[in-house]
Novice: 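Dumping the structure here so I can ask a few things about it.
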Amino acid sequence: MDHTSSSPSDRLDSVAAQVTRVRAGAIAPGTEADHLAEETPVALEFNGISHATMLATPADLEDFAVGFSLSEGIIDSVGDVRGIDVLPQCDGIVVQVEISSACEARLKSRRRAMAGRTGCGLCGVETLPEVLRPVDPVPAGAPLPIGAVLRAMGDMRARQTLHDLTGATHAAGWAGADGAVALVREDVGRHNALDKLVGALARQAVNAGGGMVLVSSRASFEMVQKTASAGVGVLAAVSAPTALAVRLADSAGIALLGFMRRDDATLYSHPERIIS
């Protein structure tokens, strides 16, 4: 478990605040100390080309850059990344990622194909393949015990240090087949948390396929996409999946579990990947 905690005074992912509590309908007479999850604009640049800006928690940004690059198909492996620079600026953070020339050419080709489109980005049929891009099926593997999945979800919740401090963040974790949680990443955005996890798995060369991904949120289509990009065949979510997420999980060979509540869960796809 490398997700170490730090004292509230020296963390970059939260800030101290004074708050007034309301208890049983009554306003407390004074204030008390609390902590807020930090939310910062993070711009990703690839070989000097600005690609995306999003609001994220300013921690584990190298993992975030690699995971985003993998799950968005910008790179094929962590070996395509030549370097990462994290540069704080007055209004946010710029993460400069140097990628291979082949990946840069592919990214430029994608950007040219998207050029000239107007509207929200989903109105034209040309944009749909970018959003609903296919994923490679996850290879079959040994089934995982349901008890291990349930234990892992409870263990991940116990390791959400930023959530315990602020109550405002999601988590994504990876556990082995025995249910032992090895990695946890947190962020104000559930997609960002999963990108950070995917990046951490790649940067640490974890053989992720034999384990499971755990998320503290609902399971959307994109969450299944990102799990598939990491080559993981089991995704367990605290809340419900969407219908599109279930369809993708079914086609990608992923066992998708939702409504993880203590000893309860609902299995939506590929039940053969889970055993009693």
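Position 1 is the first residue of the sequence; numbering continues from there.
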Novice: Which one of Arg157, Glu186, His170 satisfies the side-chain hydrogen bond (donor to acceptor under 3.5 Å, both in side chains) criterion with Ser216?
Specialist: His170
Novice: Do the charged groups of Arg159 and Asp164 touch, with an N to O distance under 4.0 Å?
Specialist: no
Novice: Give a yes or no on whether a salt bridge exists between Glu104 and Lys108, defined as a side-chain N under 4.0 angstrom from a carboxylate O.
Specialist: yes
Novice: If you compare all heavy atoms of Val78 against all heavy atoms of Leu70, which two are closest, and at what distance to 0.1 Å?
Specialist: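 In this case the closest contact between Val78 and Leu70 is N-CD2, 4.3 Å.
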Novice: Under 4.0 Å between a Lys/Arg side-chain N and an Asp/Glu carboxylate O for Asp76 and Arg106?
Specialist: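 Result for this pair is yes, salt bridge flagged.
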Novice: Among Ser220, Ser239, Ser217, find the residue that satisfies the side-chain hydrogen bond (donor to acceptor under 3.5 Å, both in side chains) test when tested with Arg190.
Specialist: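 Of the listed residues Ser220, Ser239, Ser217, the side-chain hydrogen bond (donor to acceptor under 3.5 Å, both in side chains) partner of Arg190 is Ser220.
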Novice: Can you list the steps and then say if Gln160 with Thr169 is a side-chain contact (heavy atoms from CB on, under 4.5 Å)?
Specialist: CA-CA 9 Å; Gln160 291 176 232; Thr169 56; 5.5 Å; no
Novice: Is Leu257 close to Ile146 at the side-chain level, that is, under 4.5 Å between some pair of heavy atoms?
Specialist: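 Yes; the side chains approach each other to less than 4.5 Å.
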Novice: Looking at Val81 and Val66, what are the two nearest heavy atoms and their distance?
Specialist: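 Shortest heavy-atom contact: CG2-CG2, 4.4 Å.
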Novice: When you compare the side chains of Ser71 and Asp195, does any donor N or O come within less than 3.5 Å of an acceptor on the partner?
Specialist: yes
Novice: Should Ser14 and Leu162 count as side-chain neighbours, where that means a heavy-atom distance under 4.5 Å?
Specialist: yes
Novice: What is the ring orientation for Tyr268 with Phe259, classed by angle as parallel under 30°, tilted 30 to 60°, or perpendicular over 60°?
Specialist: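 Tilted.
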Novice: Using side-chain heavy atoms (C-beta onward) and a distance below 4.5 Å, is His51 in contact with Glu45?
Specialist: no
Novice: In plain terms, say whether Asp155 and Arg151 are close enough for a salt bridge, that is, a side-chain N and a carboxylate O under 4.0 Å apart.
Specialist: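 No.
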Novice: Check whether any side-chain heavy atom of Leu194 sits under 4.5 Å from a side-chain heavy atom of Thr227, and report yes or no.
Specialist: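 Result yes, sub-4.5 Å side-chain heavy-atom pair found.
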Novice: Testing the basics here: between Gly231 and Val138, what is the closest heavy-atom pair and its distance to 0.1 Å?
Specialist: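 Nearest heavy atoms, Gly231 then Val138: O-CG1, 3.6 Å.
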Novice: Any idea which heavy atoms bring Ile84 and Glu62 closest together, and the distance?
Specialist: CD1-O, 3.9 Å
Novice: Taking it one step at a time, do Asn47 and Glu98 satisfy side-chain contact (heavy atoms from CB on, under 4.5 Å)?
Specialist: CA-CA 5 Å; Asn47 291 13; Glu98 183 182 354; 3.9 Å; yes
Novice: Go through Val181 and Leu214 one step at a time and tell me if the side-chain contact (heavy atoms from CB on, under 4.5 Å) criterion holds.
Specialist: CA-CA 9 Å; Val181 176; Leu214 315 154; 4.3 Å; yes
Novice: Any salt bridge linking Asp60 with Lys196? Criterion: basic side-chain nitrogen under 4.0 Å from a carboxylate oxygen.
Specialist: no
